[in-house]
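The structure appears right after this line, and notes come after that.
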Amino acid sequence: MRQLVEVKLKSKFITDIKNGYPLLSKEAVETSGVTMDEGSLLRLVDPSGRYIGTAYYGLQNKGIGWVLAFKEQEKIDAKFFVKKISAAVARRKNLYEAEDTTAFRVFNGEGDGIGGLIIDFFDGFYMVSWYSEGIYSFRDDIYQALEEVVEARGLYEKLRFNTNGQYVEQDDYVSGEKGEFPLIVLENGMKYAVDLNDGAMTGIFLDQRNVRKALRDHYAKEKTVLNTFSYTGAFSVAAVLGGATKTTSVDVAKRSLPKTIEQFAVNEIDYEAQDIKVMDVFDYFRYADRHDLKFDVVVLDPPSFARTKKITFSTAKDYPKLLKDTLKITNQGGIIIASTNNASFNMKKFKSFIDKAFTESNTRYKILEEHQLPEDFTVPHNYPEFNYLKVVFIKVMN
Ligand code: SAH
């Protein structure tokens with residue numbers, strides 16, 4: 001039997017929880033001395049003991065659990081999960097029907113009512129990511145619900161928890177058809193090779209879909225494009241398909257080379273006409289500056305934190321510096337596509353980093369476009385802090 005624990009919340013956290021703030025933080029809990037296990041259901045009450053909501057206990061670096069329901073009678077069972085998943089599927093009707101897009105997010109954790117649970121769609125396959133042991137303890141009910149709501153070709157999963165929050169290396173196949181990887185998915189008509197059984201990542205970050213499209217449709221034609229922190233080169237593919245004269249992809253990971261060649265190849269792009277550099281981006285900046293290389297468009301999409309032999313980099317601290325380095329190798333009139341997925345600061349703060357970098361470089365700029373998470377990456381209403389993606393298209397004036 002699943003444990004049910006009564007948990008008293010501190011009064012200053014009550015309003016937010018009632019308003020739909022889904023994350024339960026350690027600080028919000030008044031109760032002490034009770035043990036909560038991964039997957040325990042929590043009956044949340046206010047300081048006078050009145051019921052507020054039902055949550056589950058699951059440790060993530062963000063918090064200790066997630067609110068699931070606001071009705072005391074609501075049972076957290078397969079039926080509950082059917083309700084949540086079918087609502088999420090219905091919300092993505094347009095994407096399911098789009099013929100030129102076959103990869104998108106079906107269930108976005110807290111935005112769809114169950115924090116810690118992510119479900120992505122890849123051409124008929126579903127990939128479920130579990131972010132805590134707590135949510136994983138509902139696995140049987142959730143798979144039962146998923147199979148009731150959708151017709152999956154096959155299921156894959158990622159366990160994104162263990163004692164130190166690292167990804168668990170395992171065979172990710174669950175049931176149904178076994179995929180033949182790379183699987184080719186479509187995104188606004190572009191092809192991307194994905195592998196659902198190859199470590200923590202699949203080859204594509206689905207949240208950048210609208211940004212790739214904007215790059216292809218409005219910024220790439222007859223331009224030279226530098227794609228930094230390029231991973232499998234997804235932005236480079238979009239640039240070439242949008243008519244870029246040449247792309248340069250830079251990533252320090254050795255695997256980025258064959259993966260980027262593969263992304264070009266599945267789109268019938270001659271990869272030999274493109275530059276792919278396995279290199280530290282910070283070394284590349286120096287190299288490009290020394291050789292007077294300049295680009296019309298630069299994509300900047302660093303990880304929130306990076307550590308190499310020489311440097312540690314954090315977007316919260318070092319983004320202005322990164323932009324200043326980028327400015328040195330961007331043509332006047334060029335475009336910098338600045339992106340970050342660091343949830344610890346918001347769009348306003350991100351724009352202040354941009355302003356700082358340009359001001360300190362004595363360069364004027366104009367913001368042409370802004371993007372946050374696309375429509376399938378649902379976020380809780382009232383709480384934009386869950387909308388972690390921030391992308392700004394900046395025109396370099398003079
Ligand atoms: N922009 C990519 C995703 C980037 S993921 C896309 O849209 O698909 C972050 C990438 O940064 C990883 O592939 C990682 O290998 C790379 N990376 C991290 N530190 C780096 C560094 N110092 N220099 C170059 N690449 C780095």
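Computation of the quantities below employed the complete heavy-atom set of this structure, encompassing side-chain atoms and omitting hydrogens, waters and symmetry-equivalent molecules. Atoms within each ligand, like the ligands themselves, are counted from 1 in listed order.
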Identity and separation of the nearest protein heavy atom to atom 7 (O) of ligand 1: F235 CE1, 3.2 Å

Report the relative orientation of the aromatic rings in F386 and W66; use parallel for angles under 30°, tilted for 30 to 60°, perpendicular for over 60°. tilted

Which of parallel (below 30°), tilted (30 to 60°) and perpendicular (above 60°) describes Y284 and Y287? tilted

Find all atoms of ligand 1 within a distance of less than 4.0 Å from any non-hydrogen atom belonging to M279, and give their numbers and elements. 23 (N), 24 (C)

Considering non-hydrogen atoms of the protein only, which is the closest contact for atom 25 (N) of ligand 1, and what is the distance? V252 N, 3.1 Å

Is the number of heavy atoms from other residues, nucleotides or ligands under 6.0 Å of K10 NZ greater than 12? yes

Any donor and acceptor pair, going by atom type alone, linking the side chain of K395 with main-chain N or O of F393 inside 3.5 Å? no

Of the choices N227, D280, V278, which has the non-hydrogen atom that lies closest to atom 22 (N) of ligand 1? D280

Would you call the rings of F353 and F345 parallel, tilted or perpendicular, where under 30° means parallel and over 60° means perpendicular? perpendicular

min-distance protein heavy atom vs atom 1 (N) of ligand 1 -> D301 OD2, 2.7 Å

Do any heavy atoms of P303 fall under 4.0 Å from ligand 1? yes

In the protein, what heavy atom is nearest to atom 5 (S) of ligand 1, and what distance, to one decimal place, separates them? F205 CE1, 3.8 Å

Can R2 be said to sit on top of Y56's aromatic six-ring, NZ or CZ under 6.0 Å from centre and within 45° of the ring axis? no

Donor + acceptor pair across side chains of D355, Y365 (<3.5 Å): yes

Which residue and atom name correspond to the protein heavy atom nearest atom 8 (O) of ligand 1, and how close is it? Y231 CD2, 3.6 Å

Assert yes or no for the condition that the ring centre distance of Y51 to F70 is strictly below 6.0 Å. no

Side chain, backbone, both or neither: the part of F313 lying under 4.0 Å from ligand 1 by heavy atom: neither

Are any of the N/O atoms in V250 less than 3.5 Å from those in ligand 1? no

With only distance considered, is D251 within less than 3.5 Å of ligand 1 through an N or O on each side? yes

Could you check atom 4 (C) of ligand 1 against the protein and tell me its nearest heavy-atom contact, residue, atom and distance included? F229 O, 3.1 Å

Please report whether ligand 1 has a polar contact with V281, defined as an N or O pair separated by less than 3.5 Å (distance criterion only). yes

Is the Y136 ring parallel, tilted or perpendicular to the F161 ring (thresholds 30°, 60°)? tilted

With heavy-atom distances below 4.0 Å as the criterion, list the atoms of ligand 1 near A306. 19 (N)

Mind checking whether Y96 and F104 have ring centres under 6.0 Å apart? yes

Should T228 be counted as touching ligand 1, given the test is an N or O pair under 3.5 Å? no

